[in-house]
Amino acid sequence: MARALALAARGLETTSPNPHVGCVLVKDGQIVGEGWHRRAGEPHAEVHALSMAGSAARGATAYVTLEPCSHFGRTPPCADALIDAGIDRVVAAMEDPNPLVAGRGLARLRAAGIATDHGLLRQEAVELNIGFVSRMTRGRPWLRLKAASTLDGKTALNNGVSQWITGDAARRDGHRWRARACAILTGIGTVREDDPQLTVRAVPCERQPLRIVVDSKLDISPQARILQGDPILIATASEDGPRIRALEADGHQVLVLPGASGKVDLPQLMRLLAERGLNEIHAEAGLKLNGSLLREACADELLLYVAPMLVGDAAQGLFRLPELADLEHAMRLRIHDLRSIGEDFRLIARTIPVTAPP
């Protein structure tokens with residue numbers, strides 16, 4: 001199963017909106033076939049593994065990271081392919097949270113006389129597909145909020161200078177997280193101040209994630225670098241017809257989602273992104289949007305790179321959050337991972353109550 005999970009991870013950048021799935025076929029203690037799902041619309045992991053095994057698949061055990069599908073989508077059901085190949089046993093790391101499957105794949109196999117088990121390395125499988133699981137069970141993507149700060153929690157000097165707080169290794173690691181995301185989200189403040197491209201450049205990437213800008217007043221400049229290259233999606237509270245038409249004429253998408261106080265309705269944006277098949281959102285924004293994503297319970301995870309430097313009280317902070325009178329109402333986080341990345345360290349923390357699937 002560990003090998004199947006490693007194979008599944010090869011599709012991190014390319015399978016959306018489908019999950020990342022790997023499959024290993026074992027017979028008489030030997031691997032006879034293996035495969036992974038590479039792209040949506042292409043054969044699933046089980047089909048690749050069966051193709052590699054050929055006649056050796058008969059009587060084998062299939063280790064698959066996700067319950068085999070039982071429905072016709074863009075490809076036929078994998079459960080039927082396993083049955084037709086004469087597989088004796090199927091071990092799934094986890095059941096499929098997709099309501100179209102949700103146990104039906106394993107039931108179909110059992111009805112055909114195939115022994116089934118599930119739960120082996122389940123948590124690892126959930127982590128690999130945390131965005132897909134979130135979209136299927138909560139109707140919203142998994143949003144990972146990335147930031148880089150000093151030890152005193154500052155992201156830039158008061159004059160806006162922020163390049164570079166962290167080192168090369170941390171920046172490359174950040175681009176790896178960009179690469180696995182379905183979309184990269186930022187705010188209009190970051191677009192104005194940093195004029196970012198918001199693309200994956202520091203590591204190889206088979207496809208560029210969709211870029212999303214939250215721009216309440218539709219203030220984005222036509223010369224902004226983020227408008228160059230592939231079309232982007234802009235979420236706004238403005239109904240300025242001429243500006244919307246101009247952006248759409250250039251191929252960009254505009255979602256008008258008015259919320260409170262003239263801001264974008266961020267929870268509604270998350271629901272619409274899920275409807276578009278986006279599993280993981282990688283947010284890189286300023287303290288205002290960062291604070292809003294946390295306050296409105298849209299951020300599930302913090303990806304924080306911390307550099308061993310101090311820049312003082314006047315520098316810019318990480319999140320704009322309301323002042324508290326007591327610690328009882330502090331926003332609590334749970335440390336999920338902590339490690340050194342070059343000269344810096346990387347902290348992954350999740351919100352409490354935990355919003356990840358059980």
Side-chain angles (χ1 to χ4, degrees), residues 13-14 16-17 40 131-132 134-135 138-147 177-201 205 207-300 320:
E13 300 171 12
T14 56
S16 180
F132 178 77
S134 175
R135 183 165 66 87
R138 306 187 304 169
R140 47 172 278 195
W142 182 265
L143 191 141
R144 183 175 293 112
L145 198 165
K146 179 261 181 183
W177 287 97
R178 278 188 183 185
R180 73 170 277 172
C182 303
I184 303 172
L185 179 145
T186 195
I188 186 60
T190 299
V191 172
R192 276 197 301 256
E193 293 163 18
D194 299 340
D195 197 19
Q197 293 174 276
L198 231 60
T199 55
V200 180
R201 301 181 303 281
C205 183
R207 63 91 181 93
Q208 289 292 335
L210 172 68
R211 295 169 297 169
I212 303 171
V213 176
V214 176
D215 181 4
S216 297
K217 298 180 180 179
L218 216 53
D219 287 335
I220 192 165
S221 166
Q223 284 73 48
R225 290 203 298 169
I226 201 169
L227 293 178
Q228 314 309 314
D230 293 336
I232 72 167
L233 187 151
I234 301 170
T236 185
S238 170
E239 297 185 14
D240 188 323
R243 289 188 184 181
I244 293 173
R245 287 191 291 273
L247 288 163
E248 291 178 337
D250 288 334
H252 307 295
Q253 303 174 65
V254 179
L255 292 178
V256 180
L257 302 170
S261 305
K263 303 295 185 182
V264 170
D265 186 331
L266 294 174
Q268 177 65 2
L269 173 61
M270 294 301 112
R271 289 189 289 270
L272 291 176
L273 295 180
E275 290 176 7
R276 289 170 177 242
L278 301 183
N279 295 324
E280 289 188 19
I281 308 298
H282 178 94
E284 294 192 21
L287 79 168
K288 291 181 182 178
L289 182 54
N290 284 347
S292 295
L293 289 168
L294 286 167
R295 284 195 312 274
E296 298 183 43
C298 293
D300 300 296
R320 177 166 291 178

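These values consider heavy atoms only, across backbone and side chains, with no hydrogens, waters or symmetry-generated copies.
- Residues Val200 and Gln208 form a side-chain contact, since some pair of their non-hydrogen atoms from C-beta on lies under 4.5 Å apart.
- The closest donor-acceptor contact from the side chain of Thr199 to the backbone of Arg201 lies at 3.5 Å or more, if one exists at all.
- Sorted by first then second residue, the salt bridge (Lys or Arg N to Asp or Glu O under 4.0 Å) pairs that include residues 258-270, not counting sequence neighbours, number zero.
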Audit row: Asp215, Val191, side chain to side chain contact (heavy atoms under 4.5 Å, CB included) steps and yes/no: CA-CA 9 Å; Asp215 181 4; Val191 172; over 6 Å; no
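- No side-chain heavy atom of Ile184 sits less than 4.5 Å from a side-chain heavy atom of Lys146.
- Looking at Ile232 and Leu198, their side chains never come closer than 4.5 Å, going by heavy atoms from C-beta outward.
- Residues satisfying the side chain to side chain contact (heavy atoms under 4.5 Å, CB included) test with Glu296, not counting sequence neighbours, are Leu266, Pro267, Ser292, Cys298.
- Listed by first then second residue, pairs satisfying side chain to side chain donor-acceptor pair (under 3.5 Å) with a partner in residues 244-256 read Gln253-Arg276, not counting sequence neighbours.
- Remark: side-chain polar atoms of Arg180 are not paired, donor with acceptor, to backbone N or O of Glu280 under 3.5 angstrom.
- Side chain of Thr236 to backbone of Ser216: a donor-acceptor contact under 3.5 angstrom is found.
- A heavy-atom distance below 4.5 Å is found between the side chains of Arg135 and Pro17.
- Between Arg140 and Asp300 there is a side-chain heavy-atom pair separated by less than 4.5 Å.
- One N or O on the side chain of Arg207 and one on the backbone of Ala179 form a donor-acceptor pair closer than 3.5 Å.
- Judged by distance alone, with hydrogens and angles left aside, the side-chain atoms of Thr186 form a donor-acceptor pair with the main-chain N or O of Glu284 at under 3.5 Å.
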Test side-chain hydrogen bond (donor to acceptor under 3.5 Å, both in side chains) applied to Arg225 and Gln228, step by step: CA-CA 5 Å; Arg225 290 203 298 169; Gln228 314 309 314; over 6 Å; no
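- Across all non-hydrogen atoms, the minimal contact from Gly262 to Ala237 is O-CB, 3.4 Å.
- Taking all atoms of both residues into account, the shortest heavy-atom contact from Ser134 to Trp142 is OG-N, 3.7 Å.
- Within a 6.0 Å sphere centred on CD of Glu239, heavy atoms belonging to other residues, nucleotides or ligands number 12 at most.
- Rounding to the nearest 0.5 Å places CD1 of Ile234 at 6.0 Å from CG of Leu218.
- Using a 4.5 Å heavy-atom cutoff, the side chains of Leu289 and Thr190 are not in contact.
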